[in-house]
Amino acid sequence: DSGVTQTPKHLITATGQRVTLRCSPRSGDLSVYWYQQSLDQGLQFLIQYYNGEERAKGNILERFSAQQFPDLHSELNLSSLELGDSALYFCASSVGQGEKTDTQYFGPGTRLTVL
Amino acid sequence: DAKTTQPPSMDCAEGRAANLPCNHSTISGNEYVYWYRQIHSQGPQYIIHGLKNNETNEMASLIITEDRKSSTLILPHATLRDTAVYYCIVRVHNNNDMRFGAGTRLTVKP
């Protein structure tokens, strides 16, 4: 158990809908990262927040957005969902701002299925 | 960016040491090597990381060659629960994200 929690575990929805994934970082961690893992793309970095502020951005679609709240939990919002958005979504957290010595610990993931 | 090359799959007998290689010939002097594993569709699990010296923790040992162009992750006594995809990642300076490749699928057999 990494100490990172994600809800829900599974989510099934229809195309065009909007969903929100939630992540709580390990106690004391200030950074939260979101990753997407689909069958054909592997693990892809989406976005990072550090202490409430966006810190780094990866291959995140404009239909996706995220935020980190004062209590440091984070939410990933996915809108206008398409079939291709079906994937595992992982959240990770770390103590620092993401330096190369800042170890990231991953949560169990949310499996999103878009029908 | 320093890229990594890993064999797509490996087998190991239960109780034996599993040695997983990784090539990172374009690594820069201040870039760290990290290892994670992913068991079935669970979240990636941190194993170990290092810069130059060999490292050991309760899970594994990391051997980095003197020229730093390759490394080996060693699981000293593999068990069936070590069956997973193992990822070797070079942490690139100024990049906050982890760049996961295809990894090595390790299968531990009884």
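Labels below follow one simple rule: chain letters A, B, ... track the order of the sequence lines, proteins then strands, and each chain is numbered from 1.
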Heavy atoms of other groups near B:Arg16 CZ, more than 12 under 6.0 Å: no

Winner by heavy-atom pair count (cut-off under 4.5 Å) against chain A, out of B:Gln45, B:Gln38, B:His49: B:Gln38

Toward chain B, the part of A:Gln6 with a non-hydrogen atom under 4.5 Å: neither

A:Arg26 CZ: over 12 foreign heavy atoms closer than 6.0 Å: yes

Steps toward side chain to side chain contact (heavy atoms under 4.5 Å, CB included) verdict (B:Tyr36, A:Thr103): CA-CA 10 Å; B:Tyr36 280 76; A:Thr103 300; 3.9 Å; yes

Neighbour count >12 (heavy atoms, 6.0 Å) for atom CG, A:Leu39: no

Closest contact, heavy atoms only, B:Tyr87 versus A:Gln37: OH-NE2, 3.8 Å

Path from B:Met10 to B:Leu73 over hydrophobic side-chain contacts below 4.5 Å: yes

Under 4.5 Å from any heavy atom of chain B - which part of A:Gln104: both

Shared hydrophobic cluster, A:Val114 / A:Leu21 (ILVMFWY, side-chain heavy atoms < 4.5 Å): yes

A:Phe106 CZ to B:Gln42 CD distance, which is reported to the nearest 0.5 Å: 13.5 Å

Spacing of CE belonging to B:Met98 relative to OH belonging to A:Tyr35, to within rounding of 0.5 Å: 6.0 Å

Cluster check A:Leu11, A:Tyr89: I/L/V/M/F/W/Y, side chain < 4.5 angstrom: yes

Joint cluster assignment, A:Leu76 & A:Val4, ILVMFWY side-chain distance < 4.5 Å: no

For chain A, the option from B:Pro44, B:Ser41, B:Ala102 that forms the most heavy-atom pairs under 4.5 Å: B:Pro44

A:Leu43 versus chain B, the contacting section by heavy-atom distance below 4.5 Å: both

